[in-house]
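Below you'll find the structure, written out as structure tokens, and then a few comments.
Keep in mind that this is a model prediction, so the values were computed, not measured.
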2 protein chains.
Amino acid sequence: MADVADLQDEGEKVAPSSAVMGAGVQSVDRALGILEVLARTGESGVTELAVELGVHKSTAFRLVATLEAHRLVEQTSDRGRYRLGMGILRLAGATTARLDLVQEARPIARQLAVDTGETVNIAVLSESSALYLDQVAGTSALQPHNWVGQHIPLHATSNGKVLLSGLDEAALDAALGKLATYTPHTITGRAEFREELARVREQGYAVAVDELEIGLTAVAAPIRNAHGDVVASMSVSGPSFRLPEDRLDEVLRLVVGAAREVSHRLGWGHR
Amino acid sequence: MADVADLQDEGEKVAPSSAVMGAGVQSVDRALGILEVLARTGESGVTELAVELGVHKSTAFRLVATLEAHRLVEQTSDRGRYRLGMGILRLAGATTARLDLVQEARPIARQLAVDTGETVNIAVLSESSALYLDQVAGTSALQPHNWVGQHIPLHATSNGKVLLSGLDEAALDAALGKLATYTPHTITGRAEFREELARVREQGYAVAVDELEIGLTAVAAPIRNAHGDVVASMSVSGPSFRLPEDRLDEVLRLVVGAAREVSHRLGWGHR
DNA sequence: AGACTGCGTTCCGTCGAGCGCAACACGCGG
DNA sequence: CCGCGTGTTGCGCTCGACGGAACGCAGTCT
């Protein structure tokens with residue numbers, strides 16, 4: 001039952017593009033597919049969505065109208081295109097409020113932000129990129145433009161390195177695409193990157209200076225669950241001029257300590 | 001703005017407690033209903049969800065399984081209960097990145113935070129409570145515990161007053177439940193509160209000193225869209241001792257100016 | 001202007017997808 | 001052990017979701 005009956009050869013190339021699809025309740029599947037398309041494109045019309053899903057225009061419309069009734073999507077104007085709506089944010093608020101990872105990590109992250117004066121982030125691995133779960137602003141006015149929910153490349157960030165360091169060889173290969181170059185300091189050699197990961201594993205922390213963006217420095221340490229797996233990563237990041245070499249040692253000590261504290265609260269080292 | 005709602009007079013057997021429901025594609029409607037229930041309860045079992053929606057267990061299971069395939073829900077353990085998942089957060093990231101309100105407001109909010117030294121929030125009206133969309137921390141270490149996605153009572157906050165001031169009588173009645181008392185300064189009289197709203201409308205800003213919490217002061221101004229409707233509210237809040245009467249004038253000037261600037265960027269006053 | 005092409009939206013008849021039923025596998029407590 | 005509670009799975013019947021086609025409206029080309 002793998003292939004969906006695509007009987008219409010209207011001429012349009014039937015490209016399932018990307019998504020799970022094909023598993024579960026058909027109409028719900030399609031509706032969620034719409035959300036994913038909108039997340040990717042930012043904004044789409046009914047016709048566009050219909051082509052993307054390989055369904056009739058009217059079908060796409062009915063689905064999107066249902067989503068709209070629940071405020072998960074909204075249209076830019078009457079008779080306009082569609083985009084993701086506020087309902088998503090409401091759900092997201094309820095999600096983070098309940099995730100015990102965020103729950104446990106938040107007070108510690110806040111203290112870390114106060115101690116270092118820089119921005120603290122918590123990220124998890126999600127489909128070959130880093131998903132930022134939470135962010136606590138530093139005391140300085142100069143803040144990074146990241147935001148919860150953003151996708152960040154794994155090989156050019158301290159968080160990414162930490163998260164990858166917890167994977168075995170097979171999973172690593174799957175998660176690691178090609179290593180894009182962002183700055184002259186980005187590590188792009190595969191062998192070289194594996195060495196870096198070994199170093200991270202050994203040291204228990206990761207550093208990235210100017211690797212994603214010139215002038216941006218970040219350090220990160222792993223958060224482990226009761227089984228000892230790396231489930232998340234906690235980082236401190238800020239402008240490189242505020243995080244010079246001689247200050248990094250101090251910051252590293254704080255980050256590693258904070259991450260270990262969260263790990264303990266999640267049950268690591270108990271039993 | 002045709003309402004899709006009233007085509008049929010509810011043949012439902014059991015009261016679906018709360019939610020939109022009854023409009024659009026049935027199975028999608030139910031699936032989204034599940035998300036809303038999970039957002040409310042935090043965690044539920046299949047059977048529980050089934051009775052909540054008034055459907056058969058197996059139906060609820062199939063729906064929740066589809067949601068799980070898209071990572072919008074996850075189960076606490078194999079054969080365990082269900083809760084909202086990371087997929088929601090991914091969608092939320094894509095949402096905030098594209099919502100032009102947040103997009104436009106963020107740099108201005110940040111500047112306002114720098115100028116005042118206090119925390120800036122942006123909130124919208126969402127089902128008879130305030131939904132906080134964005135937050136920029138002030139320069140001081142002492143920060144409020146709020147977070148994006150939280151629901152806050154409308155009648156005891158400056159943001160809430162501003163948002164309510166944009167409604168007509170009918171909508172106001174619908175949005176306003178009973179006026180709970182939080183502190184001795186909370187306005188609880190209905191007539192009194194309407195006078196306060198009239199003042200807010202006239203002045204173009206709202207103030208709340210010790211009304212939600214003793215020691216917490218906040219001021220807010222409306223953000224308008226191209227049609228002139230109040231779509232959001234921007235506030236500055238901090239400890240009352242840092243925001244004494246004689247400083248409020250200055251802060252108010254800044255807030256009103258910032259909110260007006262955002263409104264302009266959203267097309268207000270243009271043509 | 002007028003024809004034309006694209007959009008989002010609506011109506012309707014049909015047929016297969018999704019529903020409820022019932023049976024299943026498992027965990028718990030009496 | 002049995003009963004009762006989960007979450008999970010096949011299976012036929014039926015009703016709800018689907019695609020086709022037409023509509024109203026906005027631009028755009030001729």
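Between the side chain of A:Arg224 and the backbone N or O of A:Ser263 there is no donor-acceptor pair closer than 3.5 Å.
Contact check for A:Arg83 versus A:Glu43: side-chain heavy atoms found under the 4.5 Å cut-off. For the pair A:Glu261 and A:Met234, the minimum side-chain heavy-atom distance is 4.5 Å or more. The closest side-chain heavy-atom distance from B:His70 to A:Asp29 is below 4.5 Å. Contact annotation: the side chain of A:Arg30 approaches that of A:Gln26 to within less than 4.5 Å [non-hydrogen atoms, C-beta and beyond].
Distance CG/A:Leu164 to CG/A:Leu125: 6.5 Å, rounded to 0.5 Å. For the atom pair OG1 of B:Thr66 and CD of B:Glu68, the computed distance is 9.5 Å after rounding to the nearest 0.5 Å. Remark: A:Leu49 CG to A:Thr59 OG1 distance equals 12.0 Å, nearest 0.5 Å.
A:Gln26 has its CD atom 9 Å from the C1' atom of C:dG16, to the nearest Å. Separating the CZ atom of B:Arg30 from the P atom of C:dG18 is a distance of 12 Å, rounded to the nearest angstrom. Distance, A:Leu49 CG to C:dT9 P: 11 Å, rounded to whole Å. For the pair A:Glu74 CD and C:dG8 C1', the computed distance is 17 Å after rounding to whole Å. Regarding A:Arg81, its CZ atom lies at a distance of 10 Å from the P atom of C:dC7, rounded to whole Å. Summarising the geometry, the separation between CD on B:Glu68 and C1' on D:dG7 is reported as 12 Å, rounded to the nearest angstrom. One can place CG of A:Leu63 at 14 Å from P of C:dG8, the figure rounded to the nearest angstrom. One interatomic measurement links the two molecules: CG of A:Leu67 to P of C:dG8, which rounds to 15 Å at whole-angstrom precision.
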Would you tabulate the nitrogen or oxygen pairs shorter than 3.5 Å linking the protein to nucleotides 8-13 of chain D?
residue, atom, partner, partner atom, Å
D:dT8, OP2, B:Tyr82, OH, 2.7

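With hydrogens and angles left out, the side-chain atoms of B:Ser235 and B:Ser158 include no donor and acceptor closer than 3.5 Å.
Comparing the end axes of the helix from C:dA1-D:dT30 to C:dA23-D:dT8, each fitted to five base pairs by superposing C1' atoms of four pairs onto the next four, gives an inter-axis angle of 40° (nearest 10 degrees).
A:Ser27 has no side-chain polar atom (N or O) that falls below the 4.0 Å cut-off from OP1 or OP2 of C:dA17.
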